Protein chains: 2
Amino acid sequence: MAERTHVTLQDVARAAAVSPATASRVLNGTAKVRDDLRERVQDAAGRLAYAPNAHAQALAGASRPTVGVICHDVSDPYFAVIARGIMRVAGDNGLLVMLASTFRDADREVAYVSMLRAQRAPAILLIGSGFEDKTWERSLAAELGPYLRGGGRVAVVSRHRSLRVDSVLPENRAGAAALANALLEMGHRRFAVLAGPRALTTVADRIAGFRSALAGAGVPLSEEDIVECGFTRDGGYAGMSSLIDRGMRATCVFAVTDVMAIGALTALRDKGLSVPGDVSVAGFDDIPIVRDLTPPLTTVALPLEQLGEQAMELALRENSGRRSRIVRVEGRVVIRESTGRVRS
Amino acid sequence: MAERTHVTLQDVARAAAVSPATASRVLNGTAKVRDDLRERVQDAAGRLAYAPNAHAQALAGASRPTVGVICHDVSDPYFAVIARGIMRVAGDNGLLVMLASTFRDADREVAYVSMLRAQRAPAILLIGSGFEDKTWERSLAAELGPYLRGGGRVAVVSRHRSLRVDSVLPENRAGAAALANALLEMGHRRFAVLAGPRALTTVADRIAGFRSALAGAGVPLSEEDIVECGFTRDGGYAGMSSLIDRGMRATCVFAVTDVMAIGALTALRDKGLSVPGDVSVAGFDDIPIVRDLTPPLTTVALPLEQLGEQAMELALRENSGRRSRIVRVEGRVVIRESTGRVRS
DNA sequence: CCTGGAATAGAAAGCGCTTTCAGAAAGCGC
DNA sequence: GCGCTTTCTGAAAGCGCTTTCTATTCCAGG
């Protein structure tokens, strides 16, 4: 019952009757070693179930290729799909990926970045809109800055630009505007919006785009038409419910994310309203599940997996210039059955 | 543009004109240090944006509390919810959690375990059914065994028992049997099953339980009634489609996971069949989204978040005995609108 | 004013590994 | 067989940190 007693390279070397240097060379294939010695080392390593100490390896110069990805919640399909894109590219480049969820807790986010920095991870990817919270951004920047200066790579997806790092940014404004125009074309004139926290830049941008397109058609969107609710399925459910309860007059509801739209659809069903008969619903993101809803959701399709791929590639490719790179990604309006023409 | 040049404790110590030992004591609060020295150190550390090298710290004895969780695919809601449970308990105990997806690739799984082992992570959690693949299990055991002997903690959720480690096991058989009985009671006598890979113990157990309950009522379930398809939404879609195309006679379809049931529901809709009018559909797991489907899915509810919590707690609490601990978790049949009585 | 003991700072060892560096062995042409 | 280059192995340094262990300082009591 040996507690915390690890087999070291020394042990292997001793068992194989060679020097640690030779053992290291064999185990890493760093240099040619005489056949019999090599076999003795491999044998000993196997017999002793030797596992190199990554900390010692890292300290001695060899870097272990594990990149870190930090998001708000891995159980949100939006992140999950992006993460998959990241992992694809990482895998192609022989990198392992580890994910962390912050649950929108600034301290936890900083803790993860700090840990990744301390571990000398070759790259850190941040997914998801940050609050426009100066303190938050500052403490994050305080970690990220030195990390970058130390040779680390950072890329973010869909985060506010105040962090001056390479980023992949969805065209939230334009996408929401295009959606608004499509809905206008169907004859809708009275809208309601299920918004997540307005402080989230993603939310703010989508609302702004939506509103400006409406304004272009002379259709107003007042603050009362916007319900600020949780950025989740339950938030969408609650928001939609309260909208119905206070006598909604809108013919179309825009939920700023698909996840929220899902909650909205269920709320409507529970209240006995039909979609799109009584009210049309549209979302944003095009997460995979929305195709399986009844009715399938009209939304703005973001190439989510690509967002992740681009971010990983950004982190992989060295930035030669001094400015941070920005990749803009467009959304595409996808009309499905959750929206319909307004009966005249 | 200093490349890969990190600020070390030495630098801080020098800047503060103290010894590295003192700097270490200040930064870790390990011992009392004279006020003016302490301030000088803290000042220097801040000014230089010092970040300790986790590798060096770990090597010198201080351990960083980051547990690793390995699953097949974080974008599968089943894992995502379990992972959340794990993170809750981990968070309560001051541990950070990092997730990895293997995409059912044995090599990748071993690579992650090996990495975690090399990093001397205090605990490793494995989620998800493993194939009954001797080679796979053996190479995994080869990593895990020494890790455990070295003081590491391991817990698995829903994996075959051949790995002799602490585990949380859903009662797949009993759950599936209970579901079958409920369906029988609704008058169903002809069933089809959408099965994932049969080599997966989870799949095998659920089918076995389902079948035995049917057998108890004198209802046969032949091999032709079982469609083996991918363990995903698309697999369920494809399986259901082929079932329909070859003239299904069943009045009720049991998909061994909710995710597959989702695909099945959409396939049925695409083929113009109504649920539960033409055919009833039931799943297993009760992932959150199934409540938002139309119709909501009848399923066997597993307390997914609890599975994760239990596993984390298992890994946290030292196992004093010599046998591996097993926590069994029951499922509960939840009847929703995707199943109906058979018209007589 | 001196001694003993309690605080506190610094020196140094060592965690496990990689990697130069130098030395030993081996191969070659003369 | 001698001096030369070419392999290959082992000795040793050092990565950045924690932690004993030792040396100093400081104060109380005599």
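Chain letters run A, B, ... following the sequence lines, proteins first, then strands; residues in each count from 1. No experiment lies behind these values; they were computed from the predicted model shown.
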[X] [atom1] to [N] [atom2]: how many Å, rounded?
X       : N      : atom1 : atom2 : value
A:Leu37 : D:dC8  : CG    : P     : 11 Å
B:Asn53 : D:dC15 : CG    : P     : 12 Å
A:Arg38 : D:dT7  : CZ    : C1'   : 15 Å
B:Asn28 : D:dC17 : CG    : P     : 10 Å
A:Asp11 : C:dC15 : CG    : P     : 11 Å
A:Asp35 : D:dC8  : CG    : P     : 10 Å
A:Arg34 : C:dA25 : CZ    : C1'   : 10 Å
B:Leu9  : D:dT18 : CG    : P     : 6 Å

Check your understanding: If you round to the nearest 0.5 Å, how far is CD of B:Glu109 from CG of B:Leu140?
Key ->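 Reported to 0.5 Å precision, the distance equals 5.0 Å.
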
Check your understanding: Which part of the nucleic acid does B:Thr8 contact within heavy-atom distance under 4.0 Å: base, sugar-phosphate only, or nothing?
Key ->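 Sugar-phosphate only.
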
**Study point:** Test log, rule salt bridge (Lys or Arg N to Asp or Glu O under 4.0 Å), inputs B:Asp35 and B:Arg38
**Key:** CA-CA 5 Å; B:Asp35 286 5; B:Arg38 178 155 36 76; 2.5 Å; yes

Practice item. For A:Arg325, look at atom CZ and say whether over 12 heavy atoms of other residues, nucleotides or ligands are found less than 6.0 Å away. Key: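 More than 12 within 6.0 Å, yes.
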
Check your understanding: So does B:Arg47 have more than 12 non-hydrogen atoms from other groups sitting under 6.0 Å from CZ?
Key ->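 Yes, because the 6.0 Å sphere around CZ of B:Arg47 holds more than 12 heavy atoms from other groups.
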
Exercise for review: Would you check, one step at a time, whether the test side-chain contact (heavy atoms from CB on, under 4.5 Å) holds for B:Val18 with B:Val41?
Suggested key: CA-CA 8 Å; B:Val18 298; B:Val41 170; 3.8 Å; yes

Nearest-neighbour nucleotide for the [X] side chain, [options] considered:
X       : options                : result
A:Leu59 : D:dC17, C:dT18, C:dG16 : C:dG16
B:Arg25 : D:dG10, C:dA9, C:dC17  : C:dA9
B:Ala60 : D:dT18, D:dG10, C:dC17 : D:dT18
A:Ala56 : C:dG16, D:dG10, C:dT18 : C:dG16

Could you tell me whether the phosphate oxygens of [N], OP1 or OP2, come under 4.0 Å of any side-chain nitrogen or oxygen in [X]?
X       : N      : result
A:Gln57 : C:dT18 : yes
B:Thr22 : C:dA9  : no
B:Ser19 : C:dA9  : no

Review point. How do B:Ala21 and B:His55 order along DNA chain D: which one's closest nucleotide is nearer the 5' end?
Key: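 Between the two, 5'-proximity favours B:His55.
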
Review point. Less than 3.5 Å between a donor and an acceptor, one on the side chain of B:Arg120 and one on the base of C:dG16, is that the case here?
Key: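 Such a pair does not exist between side chain and base.
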
Practice item. State plainly whether the residues A:Glu305 and A:Arg88 are in salt-bridge range, i.e. N to O under 4.0 Å. Key: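 Between A:Arg88 and A:Glu305 there is no salt bridge, as every charged N stays at least 4.0 Å from the carboxylate O atoms.
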
Point to revise | Pair A:Phe79 + A:His72: ring centers closer than 6.0 Å | key: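 Between A:Phe79 and A:His72, the centre distance is under 6.0 Å.
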
Review point. Between the two end axes of the helix from C:dC1-D:dG30 to C:dC30-D:dG1, each built from 5 base pairs, what angle do you get to the nearest 10°?
Key: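 Nearest ten degrees gives 50° for this helix.
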
Exercise for review: Let me know, please, whether A:Ala51 or B:Lys32 comes out on the 5' side of the other along DNA chain C by nearest nucleotide.
Suggested key: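 Per heavy-atom nearest nucleotide, the more 5' residue is B:Lys32.
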
Point to revise | Chi angles and distances behind the side-chain contact (heavy atoms from CB on, under 4.5 Å) call for A:Val7, A:Val12 | key: CA-CA 8 Å; A:Val7 178; A:Val12 175; 4.3 Å; yes

